[in-house]
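A, B, ... follow the sequence lines: proteins, then strands. Residue 1 opens every chain.
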Amino acid sequence: MSDRPVRVRIAPSPTGDPHVGTAYVGLINLAFARRHEGSFVLRIEDTDQERSTRASEQAIFDALRWVGLSWDEGPDVGGPFGPYRQSERTEIYREHVRHLLDSGAAYPCFCDGPTLEGIRKRQRELKRNKGYDGTCRAIPPDEARARMAAGEPHVIRLRVPDGTTTVHDELRGDVVIDHDQIDDQVLLKTDGFPTYHLANVVDDHLMEITHVIRAEEWINSTPKHILLYAAFGWEPPKWVHLPLLRNHDKSKISKRKNPVSLLYYKQIGILPEAMLNFLALLGHSMPDEREVFELDEFVREFSFQRISLGGPVFDVEKLLWLNGVRIRAMDPRVLADRIREAMVPGDWLQQVVPLFQERMRALGEFMPQAAFFRQPGLDVPASELIGAIKGGGDPKILSKWLTEAGERLDALRDFEPAPIEEALRAWCEQADVPTGTLFMLLRLSLTGRKATPPLFETMTVLGRAACSQRLRTAAATLKAAPAPKPAPAG
RNA sequence: GGUCCAUUAGUCUAAUCGGUUAGGACACAGGCCUCUCAAGCCUGGAGAACGGGUUCGAGUCCCGUAUGGACCA
């Protein structure tokens with residue numbers, strides 16, 4: 001079968017935000033294509049005129065490129081099998097339907113809404129699975145042609161014979177599906193636009209797609225597609241149905257229960273490499289159980305045999321872990337650049353970012369932690385400063401500590417971590433104050449936070465002037481604070 | 001309701017042809033390190049849905065049941 005070059009495709013609908021599932025299926029398609037030196041095609045399925053938008057289409061392009069997937073052919077890059085937008089191919093579909101009509105593989109159906117409803121109801125009562133009973137099959141061809149010519153509203157249906165179809169899925173083997181599960185499928189709607197099934201099959205054939213790699217949700221409609229290939233006299237592609245990504249409750253991933261937009265993950269500061277890496281971990285494993293790897297490594301090891309079929313839960317925790325691993329592995333300057341591009345401008349990042357590199361799992365976690373660097377008038381409430389002492393402390397005394405320690409710092413020649421630490425430890429020893437206590441008091445005074453990067457490095461980056469000022473502010477705040485209530489006797 | 005697919009710890013998964021104390025990772029717990037938080041390191045708890053069968057031997061093959069999911073209605 002196929003000495004033909006491998007050609008695969010993804011065919012997203014441009015409705016709404018770009019979906020992680022699209023990236024997932026895209027990744028598998030891309031990996032398979034690259035692995036076999038084939039082509040990866042992007043086709044836009046915008047036959048739903050109501051819901052499709054150009055903005056959404058552009059967002060899909062952008063998001064897929066962002067995540068690192070690129071296609072060899074598509075609406076924006078062109079290619080020898082275009083056009084790659086279904087809305088630009090309607091004449092092709094109509095023409096193909098004419099062939100099916102001529103050969104008798106398809107027939108016009110003139111049933112209107114109420115009629116169909118009646119049929120559906122009767123079918124239900126008869127406990128039939130099909131919603132349509134094939135009523136219009138009985139119309140003689142001449143009459144049908146005349147009614148169509150007269151402009152009577154109709155759809156075109158596929159004549160589905162009795163029997164079964166065996167779908168050979170590359171991952172699951174043979175799947176037998178009885179035709180009593182399949183309606184005489186509508187191919188062309190009343191408005192003359194194709195349905196998914198028709199457009200999909202025609203396009204896949206004309207674009208010479210060799211392997212249809214798509215989500216499992218399509219497996220039950222594959223017989224319709226196989227029947228269509230047969231009706232056209234075409235050789236069908238190979239079928240590969242991928243497991244569906246799941247919510248935590250195992251239902252098909254959905255935006256009600258899980259963020260599914262690639263834009264969301266970009267926005268919170270997931271690295272595209274991490275997203276791709278994470279998706280590659282869902283349902284596919286590396287032979288050596290490696291979990292952190294690049295796209296080219298994945299491509300090298302990719303194999304259908306390494307795909308597992310249970311629907312994997314999209315676990316954001318693991319994605320964040322993976323993202324953190326990759327953030328830590330980055331060159332600090334590159335990390336600063338990426339934060340600058342993605343979130344906040346400023347040269348100050350170069351100095352500050354390294355302090356937080358091992359403390360963020362996503363780029364978006366940077367600013368909330370580092371904001372204190374950018375607050376000129378930082379004034380921490382006394383109540384919080386006092387929290388540095390377990391069980392509270394006398395603010396007057398704490399104020400004095402800050403003043404004295406601050407003087408030591410002011411006297412330093414080099415405002416570098418080592419001398420700062422040395423000076424502060426010396427003061428603690430002399431004043432008989434536990435270092436941990438003083439350090440926490442300083443940390444709160446300088447940053448307003450209890451969890452920060454190492455104190456002395458933080459001070460150096462913050463700078464002598466800012467430190468001095470913040471310590472004086474905190475000392476003053478404490479000095480003005482009321483004395484603690486005397487502890488109840490007992 | 002019908003059909004199809006799936007089923008290793010809370011989650012992602014590994015284990016050439018059936019022979020392993022069922023391995024790794026995330027998360028969780030404890031500890032080490034330590035100026036806090038992280039990171040790192042060490043340790044720990046936690047698993048084959050159930051029942052039959054085939055076999056000397058089954059997570060691995062077969063059947064049934066259950067559960068989950070998808071699709072169609």
Cut-off 3.5 Å, no hydrogens considered: what does the side-chain donor-acceptor table look like for residues 433-443 of chain A, sequence neighbours left out?
from, atom 1, to, atom 2, distance (Å)
A:Thr437, OG1, A:Lys390, NZ, 3.4
A:Arg443, NE, A:Thr452, OG1, 2.9

Closest heavy-atom pair and its distance - [X], [Y]:
{"X": "A:Pro223", "Y": "A:Ile182", "answer": "CB-CD1, 3.5 Å"}
{"X": "A:Ala63", "Y": "A:Leu262", "answer": "CB-CD1, 3.8 Å"}
{"X": "A:Asn323", "Y": "A:Gly269", "answer": "ND2-O, 3.1 Å"}

Regarding [X], tell me which of base, sugar-phosphate or nothing describes its non-hydrogen contacts under 4.0 Å with the strands shown.
{"X": "A:Phe278", "result": "nothing"}
{"X": "A:Glu291", "result": "base"}
{"X": "A:Gly324", "result": "nothing"}
{"X": "A:Leu282", "result": "sugar-phosphate"}
{"X": "A:Pro454", "result": "base"}
{"X": "A:Lys252", "result": "sugar-phosphate"}
{"X": "A:Val176", "result": "sugar-phosphate"}
{"X": "A:Pro243", "result": "nothing"}

Between [N] and [M], how far is it from one [atom1] atom to the other, in whole Å?
{"N": "B:rG18", "M": "B:rC61", "atom1": "P", "value": "8 Å"}
{"N": "B:rG1", "M": "B:rG57", "atom1": "C1'", "value": "43 Å"}
{"N": "B:rG40", "M": "B:rA14", "atom1": "P", "value": "24 Å"}
{"N": "B:rG59", "M": "B:rA49", "atom1": "P", "value": "10 Å"}
{"N": "B:rU7", "M": "B:rU21", "atom1": "C1'", "value": "25 Å"}
{"N": "B:rA22", "M": "B:rG47", "atom1": "P", "value": "13 Å"}
{"N": "B:rC41", "M": "B:rG24", "atom1": "P", "value": "14 Å"}
{"N": "B:rC26", "M": "B:rU67", "atom1": "P", "value": "34 Å"}

Consider the side chain of [X], meaning its heavy atoms from C-beta on, and name the nucleotide among [options] that approaches it most closely.
{"X": "A:Arg328", "options": "B:rC35, B:rG40, B:rG68", "answer": "B:rG40"}
{"X": "A:Leu281", "options": "B:rC4, B:rC12, B:rA6", "answer": "B:rC12"}
{"X": "A:Gln181", "options": "B:rG2, B:rC5, B:rC35", "answer": "B:rG2"}
{"X": "A:Val175", "options": "B:rG69, B:rU11, B:rC4", "answer": "B:rC4"}
{"X": "A:Arg246", "options": "B:rU36, B:rU3, B:rG68", "answer": "B:rG68"}
{"X": "A:Met440", "options": "B:rU36, B:rU13, B:rC5", "answer": "B:rU36"}

Round to the nearest Å and state the distance from [X] atom [atom1] to [N] atom [atom2].
{"X": "A:Arg425", "N": "B:rU34", "atom1": "CZ", "atom2": "P", "answer": "10 Å"}
{"X": "A:Arg172", "N": "B:rC5", "atom1": "CZ", "atom2": "P", "answer": "9 Å"}
{"X": "A:Arg122", "N": "B:rA73", "atom1": "CZ", "atom2": "C1'", "answer": "16 Å"}
{"X": "A:Leu319", "N": "B:rA27", "atom1": "CG", "atom2": "P", "answer": "12 Å"}
{"X": "A:Glu317", "N": "B:rC26", "atom1": "CD", "atom2": "C1'", "answer": "8 Å"}
{"X": "A:Arg290", "N": "B:rC12", "atom1": "CZ", "atom2": "C1'", "answer": "17 Å"}
{"X": "A:Trp321", "N": "B:rC28", "atom1": "CH2", "atom2": "P", "answer": "13 Å"}
{"X": "A:Arg449", "N": "B:rC37", "atom1": "CZ", "atom2": "P", "answer": "13 Å"}

Closest to the 5' end of RNA chain B, once A:Gly436 and A:Asp249 are matched to their nearest nucleotides, is A:Gly436
Whichever of A:Gly283 and A:Ser221 has its nearest RNA chain B nucleotide further upstream toward 5'
A:Gly283
Considering Watson-Crick and G-U wobble pairs with both distances under 3.5 Å, what does [N] pair with?
{"N": "B:rA49", "result": "B:rU65"}
{"N": "B:rA29", "result": "B:rU43"}
{"N": "B:rC17", "result": "none"}
{"N": "B:rU55", "result": "none"}
{"N": "B:rC35", "result": "none"}
{"N": "B:rA9", "result": "none"}
{"N": "B:rC71", "result": "B:rG2"}

So, does [X] get its side chain near the phosphate of [N], meaning an N or O under 4.0 Å from OP1 or OP2?
{"X": "A:Thr435", "N": "B:rC35", "value": "no"}
{"X": "A:Lys121", "N": "B:rA73", "value": "no"}
{"X": "A:Arg306", "N": "B:rA15", "value": "yes"}
{"X": "A:Ser285", "N": "B:rA14", "value": "yes"}

Base of [N], side chain of [X] - is there a donor-acceptor contact under 3.5 Å?
{"X": "A:Arg443", "N": "B:rC35", "value": "yes"}
{"X": "A:Glu289", "N": "B:rG23", "value": "yes"}
{"X": "A:Lys318", "N": "B:rA27", "value": "no"}

Could you tell me whether the side chains of A:Tyr196 and A:Asp48 share a donor-acceptor contact shorter than 3.5 Å?
no
Is B:rC33 in the syn range, within 90° of 0, or in the anti range?
anti
Do A:Met330 and A:Leu271 have side chains that approach each other closer than 4.5 Å (heavy atoms only, starting at C-beta)?
yes
Determine whether A:Ile219 and A:Arg172 make a side-chain contact, defined as any pair of heavy atoms from C-beta on separated by less than 4.5 Å.
yes
A:Glu422 bridged to A:Arg408 by N-O distance under 4.0 Å:
no
Around atom NZ of A:Lys396, are there more than 12 heavy atoms of other residues, nucleotides or ligands at under 6.0 Å?
yes
